[in-house]
Each structure stands twice: as C-alpha cells, then as structure tokens.
Trainee: 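The structure under discussion is supplied below as structure tokens; questions concerning it will follow.
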2 protein chains.
Amino acid sequence: MERPLRADAERSVRAIIEAAERVLATDQGASVEQIAEAAGLTRTTVHRRFSSRQAIIDALAVSAKQELAEAIAAARTEQSPALVALHRVTEYVLRTKGRWKFTLGNPLADTSAAHEIWAEINAATLGLLARAKSEGLIAQEADLEWVRQVYYALLHEAIAKPADSPEVGPDYVALATLVTDTLLHGAGPQ
Amino acid sequence: MERPLRADAERSVRAIIEAAERVLATDQGASVEQIAEAAGLTRTTVHRRFSSRQAIIDALAVSAKQELAEAIAAARTEQSPALVALHRVTEYVLRTKGRWKFTLGNPLADTSAAHEIWAEINAATLGLLARAKSEGLIAQEADLEWVRQVYYALLHEAIAKPADSPEVGPDYVALATLVTDTLLHGAGPQ
DNA sequence: GCTAACCGTTACTGCACTGTAGCAGTTCTT
DNA sequence: AAGAACTGCTACAGTGCAGTAACGGTTAGC
C-alpha cells in the first residue's frame with residue numbers, strides 16, 4: 001500500500017541516512033538539526049521523511065546491516081578453503097564497515113528491525129569459523145563464541161587504526177591480512 | 001585552602017560516583033536525576049557536590065583511572081619475566097575493569113583531568129610489551145601500537161564475555177589466561 | 001502543461017533536563 | 001550542648017530539542 005517516493009524525496013532519504021552516519025559517528029547524541037544541516041536540508045524536511053529521531057537510527061541500522069550482509073554474500077565464502085575465504089570476507093567487511101563507523105559496532109543502534117539481518121550475519125560468521133576449525137586453522141579446544149567475539153573486536157580495531165598513508169585511504173587488503181593473522185596467530189612469533 | 005568534607009558528605013560523594021558508574025554503564029545518556037536516585041539521594045544534593053553533570057563524569061574518570069594505575073603498579077611487572085608479568089597485570093586490570101565497565105573503555109569519559117594518568121598507564125603498557133618483544137614473546141616485525149590496541153580490545157571483550165558460571169562471578173585468573181593466550185597465539189592451534 | 005508531491009520558512013507546543021535558591025529539619029564535629 | 005555543615009523538599013528560570021502545522025514556492029511525473 002505504499003506509494004513509491006518521488007525521485008527528489010528518495011534523494012533526501014539517502015542524504016539524511018548518510019549524513020546521520022557521518023554526524024553520529026563523531027557525536028552519538030547529535031540532534032536532528034545537526035543531521036539535517038549535514039544533509040543540506042532543514043529539520044522539518046527530515047521529520048517529514050522520518051517520523052522520529054529513533055526512526056533515523058533504525059533506518060541506519062537496517063541500511064548498514066543490509067549492506068554488510070551483501071558484502072558477506074559477495075565474498076562467496078563457501079567456494080574457497082577457509083583461509084582464503086576468511087581473508088576475503090574480512091576485506092569486504094572492512095570496506096563496508098569503514099563506511100558505517102557509527103552504526104556498526106555501536107550497540108545503541110541495535111534495533112528490532114535489524115535483528116534478523118544481524119542474526120543471519122552472525123550465523124554465517126560462526127559457520128565460517130566452524131569450517132576453519134574443521135580445516136585445522138583453529139584449535140580444537142577453542143571456544144568459537146570467543147573467537148567470533150575476538151574477530152569482531154579485531155575488525156573494529158582495524159577500522160579505528162590510523163592509516164599508514166593518510167592521503168590515499170586505508171589499504172583494506174593489508175588490513176585484512178593483519179586481522180586474520182592476528183586472529184589466527186596472535187602477536188607472537190610464527 | 002579546601003576545608004575537608006564532613007563524613008556524611010564524603011559518603012555522598014562516594015555514593016554518587018558509584019551510582020553514576022552503575023547507571024551510566026547501561027545508559028550513557030542517563031540524567032542526573034537517575035544517578036541521584038540510584039545513589040539514594042536527591043538531585044539537588046548531587047548538584048551540591050558536583051557543580052555540573054560533566055563534573056561527575058570527570059570525577060568518574062579520575063577515580064577509575066587512578067584505581068587502574070594502582071592495580072598496574074600492584075602487579076609489579078618489572079620484577080618477573082614478561083610472560084608472567086603480562087599474565088599478572090592482565091588479571092589485576094580485569095578485576096578493576098570489571099568494576100568500571102562504563103568509565104573505562106568509553107572514550108566519552110576521556111577528560112583532560114584524567115589524561116596524564118592515562119598517558120602513564122599507556123606508557124607502562126607499551127613498556128611491558130616492548131620487554132615482551134625483547135624476550136621473544138612477540139614477533140620482531142610486530143607493530144607494538146597495534147599489539148597494544150589489540151590487547152586493550154581483548155581486555156574489553158573479556159569483560160563483556162558472559163561468565164561461565166553466572167552465580168559465582170567471573171574467574172579472573174582464567175580470563176587473564178584467555179586474554180594473554182589469545183594475544184600471543186591467537187585462535188590457531190599451538 | 002497540469003497536478004500532486006516535495007521542500008523551505010516560520011512559528012508554535014510540549015517536554016525533559018540542567019542548574020539555582022531558600023527553608024526547615026537532621027547530623028556531624030568539637 | 002551549640003554551632004556549623006549537610007540533606008530533603010519545593011519551587012523556579014532557562015535551555016535545547018522533538019515533533020507538528022500551515023503556507024507559498026519549486027520540482028518531478030504523466
């Protein structure tokens with residue numbers, strides 16, 4: 001029963017979501033007005049597209065997690081051995097995570113709407129880790145829940161890490177190598 | 001030139017800080033009134049002890065980081081080989097971090113007042129890691145800044161990890177082993 | 001080109017929170 | 001026991017923000 005939005009309205013929605021991501025990344029408590037300004041719109045227009053401030057957060061969560069799920073799917077982890085699959089999915093995830101610093105890795109943005117997507121992502125990750133274990137990459141005694149937790153944390157830290165060459169943007173391939181290496185071997189020699 | 005507080009006032013200050021830690025741990029944006037209620041006081045009394053809401057946060061940061069610095073000092077890391085020192089300091093830090101879930105590991109609570117304490121802690125950690133490297137625990141090629149970042153993240157995750165036996169409280173020794181093992185060897189076999 | 005949807009502007013309401021003040025009763029200190 | 005410090009209570013001013021409404025001008029879609 002939902003009329004499709006007009007093209008300009010659609011653009012506004014995009015602009016709001018992207019601006020919200022940028023603004024909230026540096027200030028979680030930012031007002032709707034700050035978001036509107038960053039989007040090049042007025043506050044009233046924002047309220048026309050999103051009935052409440054929380055609605056913006058929800059939309060943000062859905063967008064980000066959807067994009068994340070797509071990135072994971074695009075990595076096609078089932079079609080390669082666990083090591084390369086892990087490396088590849090890490091790279092893809094880092095790319096999208098770089099664009100959603102606020103929403104992802106911020107429990108505040110966990111809403112019911114995005115919960116099922118998140119569960120799906122979680123299951124996929126656990127599945128890949130289980131395969132990694134069966135292929136001998138991960139110790140048999142390892143607690144996979146803990147490994148997943150550490151993996152997520154490493155992804156987060158990799159994004160937070162200051163880039164080696166500030167001008168050219170982060171080298172996601174190198175970061176993916178760093179994350180997987182650290183996850184599997186830690187900081188110790190070998 | 002500061003008159004010492006009366007005993008009851010001193011107790012109020014304590015109660016406020018502890019309550020603030022509890023309340024803010026679950027809701028970063030909690031109001032002064034919520035904090036007051038949790039402390040068993042009224043809002044006006046809170047404002048008598050802390051001129052502004054930010055002043056509470058500052059006091060929180062100082063308290064927590066001071067306690068953290070003491071915990072690190074108590075570990076006496078210089079007096080044992082790096083591996084046992086790392087294990088020991090990890091255990092101590094986890095204990096205090098468990099009591100300051102909000103303040104520590106929340107950049108929001110980083111204020112100028114606690115900055116120097118934090119710098120000191122940071123330096124001590126880096127020093128220990130450098131020694132660990134010189135003793136062969138950490139790979140020569142490793143980026144110590146990255147290792148420190150990962151170490152902090154692991155501490156954070158260890159605190160967030162659901163306890164194995166919920167009733168008896170977390171087993172900090174086991175957690176310390178988990179953290180150091182993961183830091184040095186990752187999730188892989190060996 | 002006509003219509004409907006969209007946006008900016010202005011203005012208003014309502015709410016929640018911060019910070020302050022005065023007073024009366026209680027608790028510490030000596 | 002007396003005075004000072006402290007707390008609870010009530011009340012108030014000020015602020016910032018969310019959300020709503022109406023109007024005139026602009027833009028997209030058929």
Trainee: Where each residue is assigned the nucleotide of DNA chain D containing its nearest heavy atom, which of A/A7 and B/T45 is assigned the position nearer the 5′ end?
Mentor: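 Going by which nucleotide is closer to the 5' end, it is B/T45.
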Trainee: Could you work out which one of C/dC6, C/dC28, D/dT7 sits closest to the side chain of A/A9?
Mentor: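 Of the options given, the side chain of A/A9 lies nearest C/dC6.
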Trainee: Apply salt bridge (charged side-chain N to carboxylate O under 4.0 Å, His left out) to residues A/E10 and A/R6 and explain how you reach the verdict.
Mentor: CA-CA 6 Å; A/E10 195 80 47; A/R6 233 172 62 174; over 6 Å; no
Trainee: For B/E120 and B/E116, run side-chain contact (heavy atoms from CB on, under 4.5 Å): C-alpha distance rounded to whole Å, both residues' side-chain angles, the deciding distance at 0.1 Å, then the answer.
Mentor: CA-CA 6 Å; B/E120 175 190 338; B/E116 44 193 67; over 6 Å; no
Trainee: May I ask you to decide whether B/R43 forms a salt bridge with B/E37, counting only side-chain N to carboxylate O separations under 4.0 Å?
Mentor: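 No.
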Trainee: Tell me if the CD atom of A/E135 is crowded by more than 12 foreign heavy atoms within 6.0 Å.
Mentor: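 Yes, because the 6.0 Å sphere around CD of A/E135 holds more than 12 heavy atoms from other groups.
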Trainee: With no hydrogens and no angle check, do the side chains of B/W146 and A/T182 hold a donor and an acceptor under 3.5 Å apart?
Mentor: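 Side-chain D/A pair, B/W146 to A/T182: present.
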Trainee: Dump the intermediate steps for salt bridge (charged side-chain N to carboxylate O under 4.0 Å, His left out) on B/E18 and B/R14, then the final yes or no.
Mentor: CA-CA 6 Å; B/E18 288 171 14; B/R14 286 269 177 201; 5.2 Å; no
Trainee: Counting neighbours of NE2 on B/H47 that are heavy atoms of other residues, nucleotides or ligands and sit closer than 6.0 Å, is the number greater than 12?
Mentor: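 Count over threshold, so yes.
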Trainee: Hey, can you pull the residues of residues 17-25 of chain A with a non-hydrogen atom under 4.0 angstrom from DNA chain C?
Mentor: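 Within residues 17-25 of chain A, no residue comes under 4.0 Å of DNA chain C.
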Trainee: Rounded to the nearest Å, what distance is computed from the CZ atom of residue A/R49 to the C1' atom of nucleotide C/dA5?
Mentor: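 These atoms are roughly 9 Å apart.
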Trainee: CZ of B/R6 versus P of D/dA5: gap in Å, rounded?
Mentor: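 After rounding, the reported distance stands at 9 Å.
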Trainee: Check whether more than 12 heavy atoms from other residues, nucleotides or ligands sit under 6.0 Å from atom NZ of B/K101, and answer yes or no.
Mentor: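 It does not: B/K101 NZ has 12 such atoms or fewer within range.
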Trainee: Passes salt bridge (charged side-chain N to carboxylate O under 4.0 Å, His left out), B/R99 versus B/E67? Steps please.
Mentor: CA-CA 10 Å; B/R99 250 172 313 175; B/E67 192 170 322; 3.3 Å; yes
Trainee: Give the rounded distance in Å between these two atoms: CG of A/D8 and P of C/dA4.
Mentor: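 In whole Å, C/dA4 P lies 16 Å from A/D8 CG.
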Trainee: Each nucleotide in nucleotides 18-24 of chain C should get exactly one letter: B, S or -. Can you fill that in based on protein heavy atoms under 4.0 Å?
Mentor: BBBB---
Trainee: Could you tell me which non-hydrogen atom of A/I17 sits nearest to which non-hydrogen atom of A/L60, and how far apart they are?
Mentor: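 Answer, listing the atom of A/I17 first, then A/L60: O-CD1, 3.2 Å.
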Trainee: If I take atom CD in residue A/E37 and atom P in nucleotide C/dT9, what distance separates them, rounded to the nearest angstrom?
Mentor: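 Value for this atom pair: 12 Å.
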Trainee: Based on the rotation axes of five pairs at each end, what angle does the helix from C/dG1-D/dC30 to C/dT30-D/dA1 bend through, to 10°?
Mentor: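 Terminal axis comparison yields 40°.
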Trainee: Looking only at side-chain N and O atoms, does B/R11 come under 4.0 Å of OP1 or OP2 in C/dC28?
Mentor: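 For C/dC28, OP1/OP2 do have a side-chain N/O of B/R11 under 4.0 Å.
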Trainee: Starting at atom CD1 of B/I35, determine the distance to atom P of C/dC17, rounded to an integer number of angstrom.
Mentor: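 B/I35 atom CD1 is separated from C/dC17 atom P by 12 Å.
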Trainee: Before you tell me yes or no, could you show the steps for A/D143 and A/R148 under salt bridge (charged side-chain N to carboxylate O under 4.0 Å, His left out), namely the whole-Å CA-CA distance, both residues' side-chain angles and the distance that decides it to 0.1 Å?
Mentor: CA-CA 9 Å; A/D143 173 5; A/R148 184 184 57 76; over 6 Å; no
